[in-house]
Amino acid sequence: MTAPARSLRERARALTADELDAIAWLHVLAPGDRQLALDSLVVANVLTGERICRIGGPATYWFGVIEGLLKMSNDGSGGAAITFTGVPPGAWFGEGTLLKHEAYRYNIEALRPSVVAGLPVAAFDALLERSIAFNRFVLNQLNERLGQFIAAREIDRQSHPDVRVAHSLAALFHPVLYPGVGQVLRITQQELGYLVGLSRQRVNEALRALQGAGLIRIEYGGVRVLDLAQLRRYQPA
DNA sequence: ACATTAAATTCGA
DNA sequence: TCGAATTTAATGT
């Protein structure tokens, strides 16, 4: 029933033209550097619940989400403070770990069937060595992510459910970190509740409030953002 | 927890 | 391969 876990390398396939097009950093590379990346990039389909990487595992790839939704859990050993982050399409992660050639510091698993790409660590290193544009991309991404983490701490201390949902949603719509999301985020109310730490019913209520305020539109299996700036600043009336 | 609606899948031509 | 019928998933109350 559940397929045996196989590594990304083993189940790798070629990327389609559309998938390549959706990888933002490929477009900033010079032709020679892009070719280097293309020669080593791999992609695989993963099933719901499949583990992409685990805490302590050797850093083998810089991972990117082409399609679907992943969850990053940052739990210390022993069930203490656990934080979940949704990882939507367009996201690339793991560069911190790769830079230091350390082990992964979080677990990543698929929340639904997804398509995940991987750039092997050797190619990642090579691009850092020879491409200024690639360095700039990674640096910018690290900077944006730092802002996300600071914001995430604020979200966690917000007790008002509508505010938590609004700010968590706004984070997932981050255009630099998650360029694959666009105007419509594919996420169910169930999944959102799981990430934010609320019941599905309460998420539904919060989404309706946000829709009433004209900030989003609820769609079947997803949410369309109408006013991202306002969503970020949302406070209850 | 239940009713409703949307989407995905199956099946028969 | 088309579309109606059925099943599954998501939403709203």
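Note: hydrogens, waters and symmetry copies are ignored here, and every other heavy atom, side chains too, is used.
- Distance, Leu207(A) CG to dT11(C) P: 9 Å, rounded to whole Å.
- Close to dT11(C), at under 4.0 Å from its OP1 or OP2, lies no side-chain N or O of Asn204(A).
- Side-chain contact check for His160(A) versus Pro236(A): some heavy-atom pair is nearer than 4.5 Å.
- Salt-bridge check for Arg202(A) with Asp162(A): passed, with a basic side-chain N closer than 4.0 Å to an acidic carboxylate O.
- Computed from coordinates, the Ile187(A) CD1 to dA10(C) P distance equals 12 Å when rounded to whole Å.
- The shortest distance between the side-chain N/O atoms of Arg208(A) and the OP1/OP2 oxygens of dT13(C) is below 4.0 Å.
- Atom CZ of Arg202(A) is separated from atom P of dT13(C) by 14 Å (rounded to the nearest Å).
- In this structure, Leu69(A) places its CG atom 12 Å from P of dA10(C), rounding to the nearest Å.
- If you measure from atom CG of Leu210(A) to atom P of dG12(C), you get 13 Å, rounded to the nearest angstrom.
- Spacing between atom CD1 of Ile218(A) and atom P of dT5(B) amounts to 16 Å, rounded to whole angstrom units.
- Atom-to-atom, CZ of Arg186(A) to P of dA6(B) comes out at 15 Å; the value is rounded to the nearest Å.
- The side chain to side chain contact (heavy atoms under 4.5 Å, CB included) test with Val223(A) singles out one residue from Leu169(A), Val165(A), Ile218(A), and that residue is Leu169(A).
- The Gln201(A) side chain lies nearest to dA1(B) when the options are dA9(C), dG12(C), dA1(B).
- Sequence order on DNA chain C of the closest nucleotides to Glu205(A) and Tyr220(A) puts Tyr220(A) first from the 5' end.
- Using modelled atom types, one finds a donor on one side chain and an acceptor on the other under 3.5 Å when comparing Glu144(A) with His174(A).
- Regarding Arg112(A), its CZ atom lies at a distance of 11 Å from the P atom of dA8(B), rounded to whole Å.
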